[in-house]
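Chain letters run A, B, ... following the sequence lines, proteins first and then strands; every chain starts at 1.
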Amino acid sequence: MSNTPINEYEQARLDKVTKIRELGVDPYGGRYPDTEAASAIVEKYDPENEEQVVRGAGRIVLFRDIGRLIFITLRDWTGTVQIGLSKKLLGDDWAVAKLLDLGDIVGAAGSLGKTNTGEVTIWVTDFKLLCKATVPPPEKFHGLQDVERRYRQRYVDLFSNPEVMDTFKNRSQIIQSIRSMLQDKGFMEVETPMMQSIAGGAAARPFSTHHNALDMDLFLRIAPELYLKRLLVGGMDKVFEINRNFRNEGISTRHNPEFTMCELYQAYGDYNVMMDLMEEIICELVVQRSSTMRLPFDGREIDYSGPWARRTYADLFAEHVGCEISDIARIREIARTLEIGEKQMADAVVANELFEHFVEDKLVDPTFVIDYPAELCVLTRRKVDNPEIAERFEMYIAGMEIANAYTELNDPAIQEENFRSQLKGQEETEAQMDEDFVMALKYGMPPAGGLGFGIDRLVMLMTDSPCIREVILFPMMRPVD
RNA sequence: GGAGGCGUAGCUCAGUUGGCUAGAGCAACGGCCUUUUAAGCCGUGGGUCCUGGGUUCGAGUCCCAGCGCCUUCACCA
């Protein structure tokens with residue numbers, strides 16, 4: 001892709017670069033200060049005063065040369081504005097204007113008026129070529145459609161497909177809103193290690209790497225949880241982190257090897273507090289986008305109006321699988337018909353396979369699934385009146401797991417025991433016990449609620465993007481060669 | 001990793017049952033045009049049909065292998 005030979009298009013533009021230089025003009029002009037956004041310029045038009053002088057800059061996305069007059073549609077990241085270049089007004093710069101192409105970046109200033117057909121237009125008196133594009137942009141009407149190239153050359157995707165720019169503006173705004181909501185509630189943002197010698201806090205295969213100077217193997221983190229809880233021990237009562245996790249698993253429309261999570265912990269809270277918080281955060285994001293609390297996603301409509309359903313794991317299991325969670329014999333029987341390799345699995349794991357198979361995709365409108373089998377929850381406090389059940393919820397929207405939260409386990413003895421029995425199940429893996437984490441609990445961690453939710457998936461929902469690659473600027477791709 | 005689909009000009013796409021020199025629009029090049037709106041009109045050029053094999057008188061089209069992407073299943077959030 002980088003070594004494609006120069007074709008007629010590139011050659012034609014390189015010839016123009018030479019001609020522009022011969023005119024004494026730098027085809028890669030420098031600063032063009034004091035510009036206004038294209039959308040603001042159009043907004044500013046005043047029919048009573050067509051003498052207003054405005055300055056704008058952007059990329060040429062449409063080019064209409066009608067002889068001694070050229071109309072150009074400039075686009076910046078706020079919108080488009082038309083500029084009109086005439087031989088009369090431009091003088092010496094007219095020769096440069098005649099050498100412009102789609103994709104070039106220019107600055108222009110002049111009075112703001114309207115054309116006969118009513119389009120707001122800058123009648124340019126001051127003109128500067130800021131960057132000559134030497135390869136042509138994609139087709140002006142359809143933009144860049146080739147999915148592979150859209151991801152590999154996201155820069156082209158962004159400037160030629162405004163809806164893609166919108167998605168990423170939305171992503172930024174969503175993260176910004178979450179940050180400010182949490183900060184307003186007294187949470188402090190922290191950063192914890194991405195490179196860990198023990199990849200803990202979740203069940204997933206990690207990426208491994210090596211530190212040369214320390215001659216030490218390291219893992220990219222699969223979760224920040226164990227470090228954030230150390231901060232609870234340290235006395236940071238409300239903390240959150242919005243950052244990348246890395247999981248060495250398959251890639252799909254809902255999975256990218258690196259993805260962004262928001263994890264937060266609140267001392268003296270529990271999973272009920274986390275449920276309220278999760279619902280509040282997402283509803284606020286929906287309010288910013290919808291007056292009806294409904295948003296489209298993947299061809300259907302999601303109803304975010306609260307209060308959201310809170311259903312127990314056992315209830316949903318019975319409803320959709322068709323047998324009680326306690327009926328192990330029946331559960332294994334169903335698992336066999338689905339060709340799930342259930343023989344090596346613990347009872348709760350087999351049941352969870354069925355839960356994922358039968359229940360998850362039924363949870364379209366936001367639903368909290370609460371009270372998980374304790375066996376599945378290594379880091380979670382158990383219910384006082386029923387130690388078989390953990391105080392955990394997962395929250396689903398559109399069949400996707402969006403959040404996972406629990407009342408944090410702060411009993412070091414149970415924690416150590418849970419780690420040990422977890423390790424027994426995966427003897428041949430790289431999993432290790434995080435002994436320092438247990439030590440931290442021994443010093444005393446306040447009871448707390450903890451919540452993690454996937455930012456990428458949330459952005460998918462808020463922007464009606466059915467594929468996670470549409471909300472990650474540079475998704476994982478195989479190299480071209 | 002399994003299954004299915006896709007890959008044609010710079011871009012967006014057609015291409016029938018295997019049949020003559022592979023087409024269109026945009027874009028490019030030359031010309032005309034001072035109020036265009038995906039500007040218009042006249043003319044010209046532009047192809048490793050993803051790559052490599054094979055079948056055939058003849059392959060963009062059929063077969064095999066490979067590469068990349070998309071979807072789906074598995075793993076996972």
Original post:
Does the side chain of A/E394 pick up a donor-acceptor pair with the side chain of A/Y396 at under 3.5 Å?
Top reply: yes
**OP:** Starting from the 5' end of RNA chain B, give me the residue, A/W123 or A/E360, whose nearest nucleotide shows up first.
**Re:** A/W123
**OP:** Under a 3.5 Å limit for both distances, which nucleotide forms a Watson-Crick or G-U wobble pair with B/U56, could you say?
**Re:** none
Original post:
Can you tell me how far P in B/C26 sits from the matching atom in B/A39, rounded to whole Å?
Top reply: 10 Å
Subject >> B/U12 pairs with, by Watson-Crick or G-U criteria that keep both distances under 3.5 Å >> reply: B/A24
Original post:
Which base sits across from B/G4 as a Watson-Crick or G-U pair, both distances under 3.5 Å?
Top reply: B/C70
Original post:
Which part of the nucleic acid does A/G454 contact within heavy-atom distance under 4.0 Å: base, sugar-phosphate only, or nothing?
Top reply: nothing
Original post:
Using a cut-off of 4.0 Å on non-hydrogen atoms, how would the nucleic acid contact of A/R469 be classed: base, sugar-phosphate, or nothing?
Top reply: sugar-phosphate
Original post:
Looking for any heavy atom pair under 4.0 Å, which part of the strands does A/M477 touch: base, sugar-phosphate only, or nothing?
Top reply: sugar-phosphate
Subject >> No-H, no-angle donor-acceptor pair, A/R64 side chain to B/U36 base, under 3.5 Å >> reply: yes
**OP:** Report, as yes or no, whether the 6.0 Å neighbourhood of atom CD on A/E51 holds more than 12 heavy atoms from other residues, nucleotides or ligands.
**Re:** no
Original post:
Hey, is the side chain of A/R152 poking within less than 4.0 Å of OP1 or OP2 on B/C69, counting only N and O atoms?
Top reply: yes
Subject >> Within residues 100-107 of chain A, residues whose heavy atoms come under 4.0 Å of RNA chain B >> reply: A/D101, A/L102
Original post:
With a non-hydrogen cut-off below 4.0 angstrom, is A/R478 in contact with a base, only sugar-phosphate, or nothing?
Top reply: sugar-phosphate
Subject >> side chain to side chain contact (heavy atoms under 4.5 Å, CB included) partners for A/R59, two or more places apart >> reply: A/I105, A/F159
Original post:
Should the pair A/F240 and A/F187 be assigned to parallel (<30°), tilted (30 to 60°) or perpendicular (>60°) ring geometry?
Top reply: perpendicular
Original post:
Under 4.0 angstrom, heavy atoms only, what part of the nucleic acid is A/Y151 near: base, sugar-phosphate, or nothing?
Top reply: sugar-phosphate
Original post:
Checking all strands, does A/N256 fall into the base, sugar-phosphate, or nothing category for heavy-atom contacts under 4.0 angstrom?
Top reply: base
**OP:** Check every strand shown and say whether A/K114 touches a base, only sugar-phosphate, or nothing at a heavy-atom separation below 4.0 Å.
**Re:** nothing
Subject >> Inter- and intrachain pairs under side-chain hydrogen bond (donor to acceptor under 3.5 Å, both in side chains), touching residues 83-93 of chain A, at least two apart >> reply: none
Original post:
How would you list, by chain and number, every residue that makes a side chain to side chain contact (heavy atoms under 4.5 Å, CB included) with A/D15, sequence neighbours excluded?
Top reply: A/Q11
**OP:** Taking atom types as modelled, find out whether A/N256 and A/R469 have a side-chain donor-acceptor pair closer than 3.5 angstrom.
**Re:** no
Original post:
Contact class for A/T253 vs. all strands (heavy atom < 4.0 Å): base, sugar-phosphate, or nothing?
Top reply: sugar-phosphate
**OP:** Heavy atoms under 4.0 Å is the rule here; annotate nucleotides 6-12 of chain B 5' to 3' with B where the base is hit, S where only the sugar-phosphate is, and - elsewhere.
**Re:** ----BBS
Original post:
In Watson-Crick or G-U wobble terms, both distances under 3.5 Å, what is the partner of B/G47?
Top reply: none
Subject >> Nearest-0.5 Å distance that lies between atom CE in A/M395 and atom CD1 in A/I370 >> reply: 14.0 Å
Original post:
What does A/Q82 touch in the nucleic acid at a heavy-atom separation under 4.0 angstrom: a base, only the sugar-phosphate, or nothing?
Top reply: base
Original post:
Between B/C73 atom P and A/R254 atom CZ, what is the distance in whole Å?
Top reply: 8 Å
Original post:
Parallel, tilted or perpendicular: which describes the rings of A/Y372 and A/Y313, with under 30° parallel and over 60° perpendicular?
Top reply: tilted
**OP:** In plain terms, say whether A/E36 and A/K44 are close enough for a salt bridge, that is, a side-chain N and a carboxylate O under 4.0 Å apart.
**Re:** yes
Subject >> Sugar-phosphate, base or nothing in reach of A/I66, heavy atoms under 4.0 Å >> reply: base
Subject >> Within 45° cone and under 6.0 Å: A/R171 NZ/CZ vs A/F168 ring >> reply: no
Subject >> Close aromatic pair by centroid cut-off 6.0 Å: A/F393 and A/F368 >> reply: yes
Subject >> Members of residues 41-60 of chain A that approach RNA chain B, where some heavy atom sits under 4.0 Å away >> reply: none
**OP:** Would you indicate what A/E353 reaches in the nucleic acid, counting non-hydrogen atoms under 4.0 angstrom: base, sugar-phosphate, or nothing?
**Re:** sugar-phosphate
**OP:** Provide the Watson-Crick or G-U wobble partner of B/U36, both distances under 3.5 Å; none if there is no partner.
**Re:** none
